[in-house]
*Asks:* 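Here you go, one structure.
Here is the naming used below: chain letters follow the sequence lines, and residue numbers restart at 1 for every chain.
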There are 2 protein chains.
Amino acid sequence: MSEEPEQQEQSSAKGTSRGDHAYTALKEKLIRGAFRPGEKLTVRKIAQDFGLSSTPARDALNRLVTERALIYAGPKTVVVPSLTLSQLREVTDMRLALEGLAAEKATEKFPVGALDRLENIQGRINAALDQKDYPEALWANKEFHFLLYGYSNMPILVATIEQLWLRIGATLNDLYPGFAITRSGANNHRAAMEGLQNHEPAEVRAAIETDIRDGYRQLRRVISERLSEK
Amino acid sequence: MSEEPEQQEQSSAKGTSRGDHAYTALKEKLIRGAFRPGEKLTVRKIAQDFGLSSTPARDALNRLVTERALIYAGPKTVVVPSLTLSQLREVTDMRLALEGLAAEKATEKFPVGALDRLENIQGRINAALDQKDYPEALWANKEFHFLLYGYSNMPILVATIEQLWLRIGATLNDLYPGFAITRSGANNHRAAMEGLQNHEPAEVRAAIETDIRDGYRQLRRVISERLSEK
DNA sequence: CTCGATTTTTTGTTGCATCAAATACTGAAA
DNA sequence: TTTCAGTATTTGATGCAACAAAAAATCGAG
């Protein structure tokens with residue numbers, strides 16, 4: 001009964017259990033687009049792929065389902081989600097609100113010395129685009145955004161944003177093999193970095209919002225085309 | 001075995017398993033403040049309380065941990081989170097962004113006929129306050145907000161907001177037994193309902209934001225006092 | 001009495017067998 | 001060929017026991 005609030009660890013020092021490993025591995029595969037939307041995931045398949053029994057595998061799947069990185073398609077079938085237009089719009093609205101907030105807060109605390117790191121990642125994005133390595137470009141793009149957001153010192157916010165990226169990751173990679181990252185993104189990123197250098201939160205937010213909206217319009221077009229041709 | 005007639009209604013397309021039952025029951029207990037911040041939750045205790053084995057109980061706990069409704073306090077201890085000032089500020093910033101968005105979108109699609117339902121809940125809040133039944137007032141307050149947000153037709157957004165409420169639920173109930181819902185909240189709710197009637201999204205958003213900020217200031221004060229007296 | 005080491009208990013994790021439900025499959029009848 | 005009933009297989013869920021690690025309790029030395 002006598003309880004005293006202890007110091008909380010924010011980074012949730014998760015134990016290195018097998019289930020946790022499968023969970024994080026699945027998340028990365030989802031963001032990297034290793035699964036196709038609509039692909040069915042079964043407990044025993046996951047268990048076999050990761051070399052563990054069904055209990056931790058089902059564990060990982062259930063966790064992904066609760067945070068909507070995977071969804072129920074039927075009584076006994078979890079599948080990789082494929083976004084509808086309405087869901088894309090919803091996620092985009094949320095991204096504008098949350099990533100805009102993260103961009104602002106990050107700008108306030110941004111150490112100018114960290115600009116090099118962003119430049120570095122942007123270089124990787126450009127290089128990947130030159131080589132038409134779009135998965136790598138997508139991944140580097142994710143690193144750019146989350147490196148920026150991390151400087152907000154708002155871990156709950158960053159984790160929530162990551163859930164949104166998870167939600168659209170598979171669809172992005174599947175529908176969008178060659179155009180997920182366009183050159184226009186580089187302009188937005190450059191504008192963001194300029195704003196960071198001058199400590200202008202509104203400027204950085206605007207740049208990020210434009211980046212999100214650019215991606216939204218392109219994704220919307222591809223989804224619409226797919227729907228109309230079906 | 002046990003022949004308890006479990007009534008599992010609705011639950012939409014989601015699988016309704018015993019683990020899911022424990023999961024949702026724990027969530028409700030968390031929001032209702034049945035647990036105190038810092039309270040340690042063990043797998044076997046949960047399993048015993050809900051009359052099931054350790055597997056689904058651990059399942060439910062792990063899911064709560066991944067969405068940060070519970071947190072790791074040590075290698076083998078999950079506890080009910082107690083907010084620090086910095087975490088309260090972070091959650092509040094996120095609530096302003098997300099619940100403000102939900103309020104706006106809900107207003108656009110709000111059917112005027114539903115005003116009665118909101119009035120009804122507000123009546124329950126007032127009645128509970130009269131009887132000093134603060135847990136019930138808190139619960140009805142949650143229903144008011146989420147009934148409103150539901151009209152946004154943005155399920156991902158609503159689920160994300162619920163996660164934030166989960167995050168602060170325990171602290172709210174523990175630190176704040178008698179003042180979590182003040183009469184000032186009624187004014188904000190009334191302003192929101194007026195805005196809904198007139199289809200003024202900005203008005204409703206402003207009312208909800210004021211509601212959130214009012215709660216923030218009071219919670220901040222209580223947390224500060226607790227910190228200073230230690 | 002205090003402190004540190006050792007033993008005991010608690011607790012999370014995992015593998016596995018089993019159950020019930022859902023799906024796939026087979027084959028016969030129309 | 002199509003359809004549908006009945007069977008076999010797949011699959012998620014659950015309980016249980018064993019294991020390892022951490023926490024708690026115990027005990028002994030100073």
*Asks:* Nearest-Å distance, CG (B/D20) to C1' (D/dA13)?
*Replies:* 10 Å
*Asks:* With a 4.0 Å limit, can you tell me whether B/R18 has a side-chain N or O closer than that to the phosphate oxygens OP1/OP2 of D/dG15?
*Replies:* yes
*Asks:* Would you classify B/L52 as touching base, sugar-phosphate or nothing, given that sugar-phosphate means primed atoms plus P, OP1 and OP2, and contacts are heavy atoms under 4.0 Å?
*Replies:* sugar-phosphate
*Asks:* Measure from OH on A/Y72 to C1' on D/dG12 and round the result to the nearest Å.
*Replies:* 8 Å
*Asks:* For residues 42-50 of chain B, which side-chain donor-acceptor pairs fall under 3.5 Å, sequence neighbours excluded?
*Replies:*
residue: B/T42; atom: OG1; partner: B/K45; partner atom: N; Å: 3.1
residue: B/K45; atom: NZ; partner: B/D49; partner atom: OD2; Å: 3.2

*Asks:* Hey, what are the protein-to-nucleotides 17-23 of chain C N/O distances that come in under 3.5 Å?
*Replies:*
residue: C/dA21; atom: N3; partner: A/K76; partner atom: NZ; Å: 3.2

*Asks:* Measure from the side-chain N and O atoms of A/E90 to the backbone N and O of B/L157, and report whether any donor-acceptor pair falls under 3.5 Å.
*Replies:* yes
*Asks:* What nucleotide among C/dT11, D/dG15, C/dT14 has an atom nearest to a side-chain atom of B/T42?
*Replies:* C/dT11
*Asks:* Please name all residues satisfying side-chain contact (heavy atoms from CB on, under 4.5 Å) with B/D211, sequence neighbours left out, ordered by chain then number.
*Replies:* B/H145, B/N188, B/H189
*Asks:* Nearest to the side chain of A/P56 - C/dT14, C/dG12, D/dT14?
*Replies:* C/dT14
*Asks:* I'd like to know if B/R213 and B/E209 make a salt bridge, using a cut-off of under 4.0 Å between side-chain N and carboxylate O.
*Replies:* yes
*Asks:* Does the distance from a Lys or Arg side-chain N to an Asp or Glu carboxylate O, for B/R167 and B/E67, drop under 4.0 Å?
*Replies:* no
*Asks:* In this structure, how many angstroms lie between the P atom of C/dG15 and the CD atom of A/Q48, rounded?
*Replies:* 14 Å
*Asks:* Could you check how far NZ of A/K45 sits from P of D/dT11, rounded to whole Å?
*Replies:* 11 Å
*Asks:* Whether A/D93 and B/K105 form a salt bridge (side-chain N of Lys/Arg under 4.0 Å from carboxylate O of Asp/Glu) is what I want to check.
*Replies:* yes
*Asks:* Roughly how many Å is it from CG in A/L70 to P in D/dG12, rounded to a whole number?
*Replies:* 12 Å
*Asks:* Without decimals, in angstroms, what is the distance between A/R63 CZ and D/dG12 P?
*Replies:* 17 Å
*Asks:* Rounded to whole angstrom units, what separation is found between the CZ atom of B/R58 and the C1' atom of D/dA17?
*Replies:* 14 Å
*Asks:* Rounded off to whole Å, could you give me the CG-to-P distance for the B/D59 and D/dA13 pair?
*Replies:* 8 Å
*Asks:* Assess B/K142 against B/F146: is NZ or CZ under 6.0 Å from the centre of the six-membered ring, and within 45 degrees of the ring's axis?
*Replies:* yes
*Asks:* Taking any heavy-atom pair under 4.0 Å as a contact, classify B/L41: base, sugar-phosphate, or nothing.
*Replies:* sugar-phosphate
